[in-house]
Amino acid sequence: MAKNLVIVESPAKAKTIEGFLGKDFVVKSSFGHVRDLNKTKISVDVDNDFTPEYEISPDKKKVIADLKKVAKTADCVWLASDEDREGEAISWHLVEALNLNKKKTKRIVFHEITKTAIKKAIENPRGIDENLVSAQQARRVLDRLVGYELSPLLWKKVKPSLSAGRVQSVAVRLIVEKEEEIKNFKSVSSFRIVAEFKTADNKKTLVFKAEYPIRFSEFTDAKDFLENQIGADFQVVSIQKKPAKKSPAPPFITSTLQQEASRKLGFSVGNTMRVAQQLYESGKITYMRTDSVNLSKLALSMAKEKISGLYGDEYVKIRSFKNKVKGAQEAHEAIRPTDLNNQEINGTSEQVRLYSLIWKRTIASQMSEAKLEKTTVSISTSGANDNFKADGEVIKFDGFLKVYLEGTDEENGEKQGMLPEMNEGDQLFLHEMRARQRFTKHSPRFTEASLVKKLEELGIGRPSTYAPTISTIQRREYIIKESRPTEKNDVKLMTLKSGKITEETLQDNISSESTKLFPTDIGILVTRFLVKYFDKIMDYNFTASVEKEFDEIADGHKKWNQMIKDFYGPFHQKIVDTQENAGKFSGQRLLGIDPESGKNVYVKIGRFGPIAQIGDTESEEKPKFAGLRKTQSVETLTLEEALRLFDFPRALGNFEEKEVTVAIGRFGPYVKHDNKFVSIKQEDNPATITLARSIELIEAKRKADLEKIIRSYKEDEDVQVLKGRWGAFLKIKKQNYKLPKGTEAETLTLEDCYKIAKDPKNASKKRGGFKKKK
DNA sequence: CAGTGAGCGAGCTTCCGCTTGACTT
C-alpha cells in the first residue's frame, strides 16, 4: 500500500501529478466539493449561530468511500485542492468526511502542474486555513439563505417553481434593463458626408475616402452642401503622420475564451466549455476554469523559443499581465496549450478550432507590439469652410498581429486603409461624394458571452458558474436566446458624381441577425418584483460588497456568523413583511372593455404563464381565460389581440357526425376531430379555414398515419408498431417504447409487444419542458 | 417534427460553486 495519498480536485490533474511523484505516492481526486447542505431543506440553523448542516453529496458517496479506503492505510494524506476559498473548504470538508487524523494530514498548494512546483509544495506543507474556510462557509450560507427564502416567496406571489438567487437574479436584471433601455431609445438621424478622392485625374490611381467633419440633421441642408460641391476645387492642406502602437491581449481566462470563441467561432458559452473540457482531459490545454492571466515560467520559455523559431527574435517580447478581474482568486494558470510546440492538433473540428484559437492567443501574448503609422490628411474645398479629413493606417511592423487580433463586440467597425502618397498643396480630384442618412443605434443586446463579460466586470459569479448560470436562466424561461428580425429604416442617399446629384432611398441593412438574449414576460415580472421588494440583493454592487466582507473574514477580522447575522436580520424581516403585506404580483394590465359582454379585459401572468382574461376575478361569474401565443407579450398585447385569442376554439361544423373545431395550441394552429389533432398548414389561416379544407387535412393525416403502421393487432387495438424517424418503435395507448436492438419489427407478435413494454428500459422519456399535471 | 395539444389545486418546486460522467437522441 502507498505511504502517501495526495487528493486533488480534478482527476485529469491527479493523473498528471502521479507521474511526478514516484511510487510512494498515490494521487486521487475528490471531483470537486464532497459535502454540501442538504438540497431538500434550508439546512442552516438560523436560531443557532447559523450552524450549517452538511452531508456527503449523494453523488460523492462512492468517491468518499474510495478515498477512505486508501486514506486508512496511508501514513500521510496530502490535501492538494486549489488555493482559493472553495479549495480550502474542500480540504476542510475532506478532513471531516474522511475523519482524517490531523497529525497525519497536510495541506499543500501549487499553481503550476510541474514536477518542481509539486516537489516544492510537498516540502512546504501547512495546516488548513480556518479563516478562509469560514469565508467560504459565509458565502455558502448566504447563497442558501437568499436562494431558499426568496424562491418560495416567488412561488407564493408570482408563480410556482420559480427561482431567485444572488447571481441569477442580477443576470436576468441586466437583460431586462437592457431591453427597457432599448425600448426607450430614440433614434435620431443625420446626414454624413463622405467623399472619395483621387490624386490624379486618371483611373489607375488609388481612390480613398475622406469625411466632412459636420453632419447635417436636415435633408435639405445636406443637399445644399452637396450642390455647393459641384465643380469645387479640392486641395491637400496638411498631412500629419504619427507613430502608434498596438499591444496584444493577455492570455485567455474562462470569460475571455468564451467571448472570443463566441465572436470568432460562433460557439455558445456552454459549447466552448464542453470542448475546452475535452481538450483539458486529453492533456492538450491547461485547466479551463480560471481567472488568472498568469503563465508559468515553463510556458514562457516555450513561447520564447517557439516565437523566435517561427518568426525571429525581433518578434519575441515576454510579458507578465496583471489581473483586472474583480475578486479574482487565481488558483490556476491562464488557459494555454500544455505544449506550445503543437501548433495544431488532431480532433473534432470544434476541438481543432478552439485549440488553434488558444494557441494563437497564448503565442501572441508573448510577441512584440505592432508598430503603426497613422496619417491624417486635411483637404480643403472651395465649396465650404471646413476641411475634409482622411485617416489612414499603415502597419510598419506587424509584431503580434502576425498571429492574432482580438475581436470586438461592436457591430460595425470601419477599417482604416492605406492612403496614396500625397504632398501639401496637391490638387485632388473628386471621384464621388455621398450624403448618407444615418440613424443612431441603441446599444447592442447581450449575447451569452457579452453577458458573461458584464457579470465578470461586476464581480458576479465564478469561472465555473458562468456557463451553468446562463443555462439556468434560460431553462427557467426568464430569458430567451434567439434572433429576431430588427426593424429596418428607410435611408436616404444622395450621390454627387460627374457634376450631377442623384437621390435614392435604401434599406438600412447593417444590423446583425446573430442570436441575442431577450427577457421573457416572466423574467420581466420577477425582476420587477425583486427590485421592488429586495433592491439590496438586486443591486449590481451587492456581490462586490459581500465579497469585501468575505475577505475580512478570510483575514480574520470578522466572524462569519456575525456577518451572516447582520445580513439575515433585515433580509428575513423583509421576507416576512412581503409575505404578509404584498398582494399577488401578476403584472396585470387592464386593456379595455370587451364590446360583446361589456366586461373588463386583462392580460397577466397566470399560474401557467401569460394569459388574457375577460371579466373580473372577484365577480360571481367566472372569468374566461385564454393563453397568449408564443410570440406575444404581456407587455405589448393590445385589446384587439386579446379579444382575438378568444375566437378559438371555433366550431366549423360536423364531419362523420362528429364536430370539427379549429384552435391554436402550443405547436400552432390545428383542427380537432374525433379527439384527433391535425396541424394546419402554413398557407391556411385558422381564422378563415373552411370545413371542406379541414376535412381534406383530416383525410390526408389519416392516410399518412396508415402508412406509418408496420404492425397492428385485432386483439388489442391500442398496440401498434410504427415507423418513426429513427426506425420502428412500439406504441401502446399514448406511451412509446423503443425496440431492443436486433428486433424484427415486421414479425413482432402481440405477446412480444407486451414483453417489450414491461421492460422499463424501453420506455421513452417524455421530452420538452412541459409537465403534464392531472 | 416519432408524438404532442395543461387549466382551481396534491405535491413539488429553490441557491452558488467545485468537479465529471451517465444517459442517449
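To find a chain, count down the sequence lines: A is the first, B the second, and so on, and within it residues start at 1. Worth saying up front: this structure is predicted, and the values here are computed from it rather than measured.
For A/S679, whose side chain is taken as the heavy atoms from C-beta onward, the closest listed nucleotide among B/dT14, B/dG5, B/dT20 is B/dG5. The A/P160 side chain lies nearest to B/dT13 when the options are B/dT13, B/dC18, B/dC15. Among B/dC16, B/dT19, B/dC18, the nucleotide with an atom closest to any side-chain atom of A/P11 is B/dT19. With B/dC15, B/dG21, B/dC16 as the candidates, the nucleotide lying closest to the side chain of A/E281 is B/dG21.
The OH atom of A/Y54 sits 15 Å away from the P atom of B/dG17 (whole-angstrom rounding). Protein atom NZ of A/K622 is 6 Å distant from nucleotide atom C1' of B/dC8, rounded to whole Å. Distance A/D84 CG to B/dC18 P: 6 Å, rounded to the nearest Å. Atom CD1 of A/I473 and atom P of B/dC16 are 10 Å apart (whole Å). Note: CD (A/Q579) to P (B/dT14) measures 18 Å, nearest angstrom. Look at CZ on A/R85: it is 11 Å from C1' on B/dC16, rounded to the nearest Å. One atom, CZ of A/F567, and another, P of B/dC15, lie 16 Å apart when rounded to the nearest Å. Protein atom NZ of A/K62 is 17 Å distant from nucleotide atom P of B/dT20, rounded to whole Å.
A stacked arrangement is not assigned to A/F31 and the six-membered base ring of B/dT19, the conditions of a centre distance below 5.5 Å and an interplanar angle below 30° not being jointly met. Per the stacking criterion (ring centres < 5.5 Å, plane angle < 30°), A/F677 does not stack onto the base of B/dT4.
Residue-to-nucleotide proximity on DNA chain B shows that, of A/I42 and A/H33, the 5′-proximal contact is made by A/I42. Along DNA chain B, the nucleotide closest to A/R289 and the one closest to A/T469 are compared, and the more 5′ of them pairs with A/T469.
Across all strands shown, A/D59 has no heavy atoms under 4.0 Å from either base or sugar-phosphate atoms. Among the atoms of the strands shown, none is found under 4.0 Å from any heavy atom of A/Y466.
In this model, the phosphate group of B/dT19 is approached by a side-chain N or O of A/Y287 to a distance below 4.0 Å at OP1 or OP2. Residue A/R166 places at least one side-chain N or O under 4.0 Å from the OP1 or OP2 atom of B/dG17. For the OP1/OP2 pair of B/dC15 and a distance below 4.0 Å, the side-chain nitrogens and oxygens of A/Q168 include at least one atom meeting the criterion. Taking side-chain N and O atoms only, A/S10 has no distance below 4.0 Å to OP1 or OP2 of B/dT19. For B/dT14, neither phosphate oxygen OP1 nor OP2 lies less than 4.0 angstrom from any side-chain nitrogen or oxygen of A/S161. For B/dC15, the OP1/OP2 oxygens have no side-chain nitrogen or oxygen of A/S151 closer than 4.0 Å. OP1 or OP2 of B/dC18 lies within a sub-4.0 Å distance of a side-chain N or O belonging to A/R462. Residue A/R476 places at least one side-chain N or O closer than 4.0 Å to OP1 or OP2 of B/dC15.
Figure legend: cation-pi geometry between A/R144 and A/Y148, with NZ or CZ positioned under 6.0 Å from the six-membered ring centre and within 45° of its axis. Both the sub-6.0 Å distance and the 45° axial angle are satisfied by A/R173 relative to the ring of A/Y540.
Note on A/R702 versus A/D674: no salt bridge recorded, every NZ/NE/NH1/NH2 to OD/OE distance being 4.0 Å or above.
For the C1' atoms, the distance linking B/dC1 with B/dG21 amounts to 30 Å, nearest Å. Nucleotides B/dC18 and B/dA22 place their P atoms 23 Å apart, quoted to the nearest Å. With C1' as the reference atom, B/dA10 and B/dA6 are 16 Å apart, rounded to whole Å. A distance of about 12 Å separates the C1' atoms of B/dA2 and B/dT25, rounded to the whole Å.
Ring-plane geometry between A/F529 and A/F585 is classed as perpendicular, the angle between the planes exceeding 60 degrees on a 0 to 90 degree scale with a lower cut at 30. Note: A/Y280 and A/Y287 have perpendicular aromatic rings, judged against thresholds of 30 and 60 degrees for the angle between ring planes. Under the 30°/60° scheme for interplanar angles, the aromatic rings of A/F567 and A/F571 are found to lie parallel.
Among A/T469, A/V167, A/V526, A/I473, the single residue meeting the side-chain contact (heavy atoms from CB on, under 4.5 Å) criterion with A/V172 is A/I473.
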